[in-house]
Amino acid sequence: MPEKITTQVAIIGAGPAGLSAASAAANAGCQVALLDTYARPGGQYYRQLAQGLTSHRPGALHHEYATGARLFQNLEAYPEITLYSGANVWAAESVQGNFVLQVDQTLYSENSSEKKALEITAQVVILAPGAYDRALAFPGWDLPGVMTVGGIQALLKSYRVRPGQRVALSGSGPFLLPVAALLAQSGAEVVGVFEATHPRHWLTSAHRSISHLDKMTEGAGYMSTIRKQRIPYKYGRAVIRAEGSERVERITVARLDADWKPLEGRNEELEVDALGIGYGFMPNTELTYALGCAHRYDHSQAAFFATHKHDMQSSQPGVYVAGEITGIAGSAVALQQGSIAGWAAAGQLGKVSQKVVEDKTDKARRELKHQKAFAETLNRLFTLRPGRFRWMTSETILCRCEEVTAGKVREAVREAKAQDVRSVKLQTRCGMGLCQGRVCGHLVTGLVADLTGRDPAEVGTFTTRPIVRPLPLGQIAGKGE
């Protein structure tokens with residue numbers, strides 16, 4: 001049977017948003033349970049080294065190391081916070097005014113690990129589960145050695161492992177910069193960084209970035225490292241094919257027009273042993289759907305996000321949201337949203353007055369407005385273009401779990417008259433595998449919208465199941481095995 005735990009505030013996710021929310025709620029006197037999937041807190045942004053590894057220059061692990069270190073110290077400074085690492089929340093529901101979370105926890109020791117089942121009941125929930133890399137499909141994207149840019153960063157940051165010796169990066173967005181610099185510093189040969197957007201798109205957005213010199217300086221620092229290492233950085237290009245026998249060995253880089261459609265006869269072939277792809281991020285919204293929160297479709301980010309009020313409360317009373325599940329905007333936004341959510345939760349519980357909540361969050365709201373403006377500029381700049389669907393052949397796998405090809409999806413739309421994601425799912429089984437559509441969901445939504453001419457918001461996304469994470473049947477039965 002699971003161990004039953006009661007708390008006032010349960011926070012899911014120990015990245016920037018979750019850590020900030022925990023500090024605020026604990027500062028207000030709330031009892032906090034902070035749950036995170038990883039063995040150590042920090043999320044993707046403040047990712048720490050794996051246990052047993054050390055660094056002589058910990059500040060080199062990530063930008064804004066001091067902010068992360070301060071948040072880690074708060075976990076020890078506030079006895080009100082209990083951290084549950086290695087904790088996967090596999091179900092969440094509202095029960096008689098409280099929220100009940102079913103948790104599969106992995107406890108790590110030096111040479112082993114063990115499983116533990118938890119049932120956490122909380123008066124208020126703050127969801128800050130973050131996001132994961134978005135990959136686009138093309139022939140060979142499922143080969144070994146082809147991974148997300150975030151996966152490469154995780155290998156380098158946490159384990160000091162290079163993904164390969166000759167590495168290429170392809171995608172869209174500023175995340176390519178720090179990963180390319182990190183690869184070069186690790187000793188890997190970066191044969192090219194291929195950014196799908198065109199320089200003229202960058203120029204049209206430059207004037208909106210003048211008031212964010214800190215971000216521009218950070219990007220310039222990464223670009224300086226890339227130039228010093230003589231890494232080719234090419235705009236208006238993308239990897240549209242990967243080939244190899246046991247793993248990726250060759251890639252085809254295409255020049256793209258403004259809509260990302262490959263230009264005929266403008267391809268380049270390169271030999272690599274690893275390829276990183278990343279076209280922005282997708283929010284982890286399984287729990288917001290499970291708790292019945294309302295969502296909106298953002299066309300510039302091509303994803304569904306949880307809606308919220310000014311105090312970060314979702315459409316469901318007592319459920320607050322913070323960070324990337326409200327819109328991909330980076331750590332600076334997540335930190336402010338987490339602080340606002342933490343203080344608002346404390347106000348709801350009566351720990352502080354509404355006047356205190358307003359006073360404590362006033363600065364955060366002003367900073368949030370400033371940082372969101374920059375995030376919105378980036379989202380407009382790196383919006384996905386319709387030409388990406390021309391990278392797929394009929395044989396290109398879309399749903400890896402069920403091995404559903406782009407051709408099968410096109411057939412379901414054109415011959416079976418499927419007009420939305422759920423209908424395509426019934427026709428093809430896409431999204432029914434282990435990942436439950438986390439990888440292929442946005443691909444299917446985009447392709448169906450492109451084929452039918454419908455708005456992606458109408459095409460929809462895969463429905464989240466009550467059990468949002470894979471786990472043993474014995475645990476579902478309450479045995480905790």
Side-chain angles (χ1 to χ4, degrees), residues 1-14 17-18 21-22 24-26 28 30-37 80-82 84 87-105 117-130 283-296 304-326 337-338 340-351 354 357 436-438 460-471 475-478 480:
M1 294 296 291
E3 178 185 346
K4 296 183 182 294
I5 298 167
T6 301
T7 190
Q8 292 175 325
V9 180
I11 302 174
I12 292 87
C30 296
Q31 182 185 15
V32 177
L34 178 60
L35 299 94
D36 192 72
T37 303
E80 295 87 353
I81 301 175
T82 302
Y84 297 89
N88 280 298
V89 180
W90 57 267
E93 59 181 335
S94 176
V95 180
Q96 297 179 346
N98 290 322
F99 300 95
V100 180
L101 310 177
Q102 302 296 337
V103 182
D104 174 35
Q105 185 181 26
L118 307 175
E119 182 179 281
I120 297 179
T121 301
Q123 295 173 259
V124 174
V125 170
I126 300 176
L127 300 177
N284 278 312
T285 51
E286 293 89 357
L287 291 174
T288 50
Y289 277 108
L291 288 171
C293 301
H295 294 74
R296 62 180 175 84
F304 290 88
F305 297 98
T307 62
H308 60 86
K309 303 174 183 177
H310 75 287
D311 61 354
M312 303 313 300
Q313 186 167 205
S314 73
S315 62
Q316 291 294 332
V319 179
Y320 294 81
V321 291
E324 310 292 46
I325 59 171
T326 70
Q337 288 184 333
I340 293 170
W343 282 107
Q348 178 179 328
L349 293 172
K351 293 292 184 179
Q354 191 58 37
V357 172
Q436 289 295 288
R438 290 180 182 85
T461 188
F462 293 130
T463 303
T464 298
R465 295 184 178 182
I467 300 172
V468 301
R469 298 284 180 183
L471 76 162
Q475 186 164 330
I476 300 174

Q337 side-chain N/O to G323 backbone N/O, donor-acceptor pair under 3.5 Å: yes
E119 versus Q102, side-chain donor and acceptor atoms under 3.5 Å: yes
Minimum heavy-atom distance between L291 and S94, given as atom pair plus value: CD2-N, 4.2 Å
Donor-acceptor pair between Q436 and T464 side chains, under 3.5 angstrom: no
Heavy-atom check, side chain of V124 versus side chain of Q348, under 4.5 Å: yes
Heavy-atom side-chain contact between T288 and V321 under 4.5 Å: yes
Any I126 side-chain heavy atom under 4.5 Å of I12 side chain: no
Minimum side-chain heavy-atom gap R469-D104 below 4.5 Å: no
Contact summary for D311 and A344, nearest pair of heavy atoms: O-CB, 3.6 Å
Considering all heavy atoms, the nearest V103-A87 contact: CG1-CB, 3.6 Å
Any donor-acceptor N/O pair, S314 side chain to Y320 backbone, under 3.5 Å: no
CD-CG distance between Q31 and L349, expressed to the nearest 0.5 angstrom: 10.5 Å
Chi angles and distances behind the side-chain contact (heavy atoms from CB on, under 4.5 Å) call for T326, M312: CA-CA 9 Å; T326 70; M312 303 313 300; 4.0 Å; yes
Shortest non-hydrogen contact between W343 and A28, atoms and distance: CZ3-CB, 3.5 Å
Ionic contact status for R465 with E286, cut-off 4.0 Å: no
Closest non-hydrogen atom pair, I325 against P283: CA-CB, 3.8 Å
Spacing of OG1 belonging to T461 relative to OH belonging to Y289, to within rounding of 0.5 Å: 5.5 Å
Full working for side-chain contact (heavy atoms from CB on, under 4.5 Å) between T82 and L34: CA-CA 6 Å; T82 302; L34 178 60; over 6 Å; no
K309 side, atom NZ; S315 side, atom OG - distance, nearest 0.5 Å: 8.0 Å
Within-4.5 Å side-chain heavy-atom neighbours: I11 and L35: no
Side chain to side chain, V319 and C293, heavy atoms closer than 4.5 Å: yes
Within-4.5 Å side-chain heavy-atom neighbours: T7 and T121: no
Considering all heavy atoms, the nearest G318-F99 contact: O-CE1, 3.6 Å
Sub-4.5 Å side-chain heavy-atom contact between L118 and P2: no
Spatial distance of atom OG1 (T37) from atom CG (N88) [nearest 0.5 Å]: 4.5 Å
Derivation of the ring pair (Phe, Tyr, Trp, His ring centres under 6.0 Å) call for F305 and H295: CA-CA 5 Å; F305 297 98; H295 294 74; 9.1 Å; no
Euclidean distance, Q316 CD relative to T307 OG1, rounded to 0.5 Å: 9.5 Å
Interatomic distance, Q123 atom CD to T6 atom OG1 [nearest 0.5 angstrom]: 9.0 Å
